[in-house]
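Order of the sequence lines fixes the chain letters, A, B, ..., with proteins taken first and strands second; residue numbering starts at 1 for each chain.
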Number of protein chains: 2
Amino acid sequence: MPKAAPSPSSDLQPASWEREVRRFIDAGGNTTHAFGLGRLIGRMFALLYLQPGPLSLEEIAARLDISKASASTTIRQLEEWHAVCHRPVEGDRRDYYEAQTDFRVIVKQGLLPGIRQKLGSAGTQIARTLDAEVSGSGQHSASQHPDEIKIIRKRLKVARDLHAKLDGILSSRLLDHFL
Amino acid sequence: MPKAAPSPSSDLQPASWEREVRRFIDAGGNTTHAFGLGRLIGRMFALLYLQPGPLSLEEIAARLDISKASASTTIRQLEEWHAVCHRPVEGDRRDYYEAQTDFRVIVKQGLLPGIRQKLGSAGTQIARTLDAEVSGSGQHSASQHPDEIKIIRKRLKVARDLHAKLDGILSSRLLDHFL
DNA sequence: GGCATCGTTCAGAAAAATCTGAACGATGAT
DNA sequence: ATCATCGTTCAGATTTTTCTGAACGATGCC
């Protein structure tokens with residue numbers, strides 16, 4: 001193999017396509033980053049999504065210009081999100097990965113559970129605070145009138161109910177309809 | 001005023017309530033942070049949400065143990081999200097703020113527009129890449145078969161359609177039903 | 001077995017996000 | 001007009017997050 005270029009596929013037309021792919025990848029990274037998921041996870045998924053066939057870990061790292069270490073940890077995240085499939089290739093010991101192209105799978109098995117988990121701890125704390133509020137009614141500071149205590153309790157209940165409703169929606173199959 | 005404690009309200013019962021409020025505040029911060037919104041914004045909203053009356057900027061800073069500068073920038077963010085109301089108090093030049101307790105307002109005017117904006121740039125890039133793909137069909141690297149080009153185009157279209165559908169849902173009043 | 005290559009882990013480096021103190025303009029009180 | 005106080009801004013410091021190179025165990029090949 002006389003090829004030494006970092007790009008695995010030999011391109012006759014350096015063209016704008018490669019540049020566009022790079023843009024696409026970065027846009028993916030910015031998107032996931034905007035939602036608090038880190039930039040690499042989006043960049044990597046974008047790369048795999050535009051890749052018709054599976055890619056090895058090293059190729060991924062080369063394409064994204066990151067270390068093998070980062071590629072390893074990030075691909076694991078993508079697997080947790082069900083956004084990527086591990087695809088064994090015969091006669092090759094290396095790990096090959098392919099993008100999950102059915103977004104319903106990603107949403108239902110990755111996104112929604114992830115969101116639910118994040119909301120979960122919030123809900124736990126709301127319940128806990130509400131409990132402390134109710135059981136220790138006389139424990140508030142002297143400056144707080146009974147009216148104010150009532151307001152607080154009301155608000156906590158509203159928060160609790162909202163959380164419960166949200167969690168219900170996210171865990172039900174209601175959203176399937178829209179995807 | 002003989003009081004020197006950092007806590008603005010004189011509490012007769014140091015009690016578990018103050019501690020619980022602190023927990024609540026931190027949980028709020030962790031939640032917003034988990035969704036990529038920074039920790040302070042959640043802490044500050046949590047504080048105001050448990051506060052029956054409006055708080056001045058300086059009180060907020062003191063309660064959260066942050067500088068006035070941070071309080072200023074964060075409250076502005078909360079305002080953009082419509083999560084907080086500026087409430088003028090007579091005979092007091094200072095700015096007082098109150099939590100928006102109607103979550104529907106926050107979701108419709110803060111959350112959803114914010115999400116749409118973030119998705120927007122992603123959608124723009126998808127369209128752009130799809131355009132580059134279609135118009136420059138012959139520009140791909142030599143290693144890519146016509147089949148592969150077809151796959152890529154298909155995927156980009158799927159992504160575009162998904163984005164369009166999502167954006168439609170988010171901009172419609174469809175979600176009102178659930179809140 | 002011996003060797004080469006793969007993926008993973010982790011301490012430390014590099015980068016990015018966040019926070020702050022000081023300086024400033026604005027506003028109202030005296 | 002003078003002064004005190006408020007909110008804002010921004011360069012620099014601090015903290016947090018992210019990334020990497022080196023070391024390692026595992027796995028397949030010879």
Side-chain angles (χ1 to χ4, degrees), chain A residues 1 6 8 25-26 28-48 54-81 84-98 118, chain B residues 1 6 8 25-26 28-48 54-81 84-98 118:
Chain A
M1 259 221 228
I25 288 173
D26 284 343
N30 289 337
T31 302
T32 50
H33 182 246
F35 285 103
L37 288 174
R39 224 165 228 127
L40 262 189
I41 201 173
R43 296 215 308 144
M44 191 175 289
F45 180 75
L47 167 67
L48 290 172
L55 281 183
S56 76
L57 204 60
E58 203 157 14
E59 284 175 313
I60 293 172
R63 284 289 208 96
L64 298 180
D65 195 34
I66 59 176
S67 67
K68 237 190 336 169
S70 285
S72 176
T73 56
T74 304
I75 205 77
R76 188 90 41 79
Q77 288 186 69
L78 278 173
E79 267 185 323
E80 285 176 16
W81 282 75
V84 117
C85 298
H86 181 267
R87 175 166 288 266
V89 170
E90 298 218 21
D92 198 331
R93 184 155 63 87
R94 287 174 288 182
D95 290 347
Y96 281 84
Y97 295 95
E98 226 178 31
K118 288 174 179 175
Chain B
M1 256 220 232
I25 287 173
D26 285 343
N30 289 337
T31 303
T32 51
H33 183 246
F35 285 103
L37 289 173
R39 226 166 225 128
L40 261 190
I41 202 172
R43 296 216 310 144
M44 192 175 289
F45 181 76
L47 167 67
L48 290 172
L55 280 183
S56 77
L57 203 60
E58 204 158 12
E59 285 175 314
I60 293 172
R63 282 292 207 93
L64 297 179
D65 196 32
I66 60 177
S67 69
K68 241 190 332 172
S70 285
S72 177
T73 55
T74 305
I75 204 80
R76 186 93 40 78
Q77 289 186 71
L78 278 174
E79 268 185 320
E80 286 176 16
W81 282 75
V84 118
C85 298
H86 181 266
R87 175 167 288 266
V89 171
E90 296 216 25
D92 198 331
R93 182 154 66 86
R94 286 175 290 182
D95 289 347
Y96 281 84
Y97 295 95
E98 228 178 30
K118 287 173 179 175

Evaluation steps, side-chain contact (heavy atoms from CB on, under 4.5 Å), between B:Glu98 and B:Val84: CA-CA 6 Å; B:Glu98 228 178 30; B:Val84 118; over 6 Å; no
Rounded to whole Å, the CD-P distance (B:Glu58 to D:dT8) equals 13 Å
Calculate the interatomic distance between B:Ile75 atom CD1 and D:dC6 atom P; express it in whole Å. 16 Å
Output one letter per nucleotide in nucleotides 18-30 of chain C: B when a protein non-hydrogen atom lies under 4.0 Å from the base, S when only the sugar-phosphate is that close, - when neither is. SSBB-----BS--
Tell me the interatomic distance from B:Ile60, atom CD1, to D:dT8, atom P, rounded to whole angstroms. 11 Å
D:dC19 P sits how many Å from A:Arg43 CZ, rounded? 9 Å
Can you name the nearest heavy-atom pair linking A:Ala71 to A:Ala61, along with the distance? CB-CB, 4.0 Å
Spacing between A:Gln77 atom CD and C:dT9 atom P, to the nearest angstrom: 13 Å
Any side-chain heavy atom of B:Leu48 sitting closer than 4.5 Å to one from B:Ile75? yes
Are the aromatic ring centres of B:His86 and B:Tyr96 under 6.0 angstrom apart? no
Kindly point out which of C:dC6, C:dT8, D:dG7 is positioned nearest to the side chain of B:Ser72? D:dG7
Hey, does the side chain of A:Arg94 come within less than 4.0 Å of C:dG7's phosphate (OP1/OP2), counting only N and O? no
Within this structure, what is the CG-to-P distance between B:Asp95 and D:dT5, rounded to whole angstrom? 17 Å
Looking at every heavy atom in both B:Ala34 and A:Lys118, which two are closest together, and how far apart are they? O-NZ, 3.1 Å
For the pair made of CG in A:Asp92 and P in D:dT27, what is the distance, rounded to whole Å? 16 Å
Hey, does A:Leu78 have a side-chain heavy atom less than 4.5 Å from the side chain of A:Tyr97? no
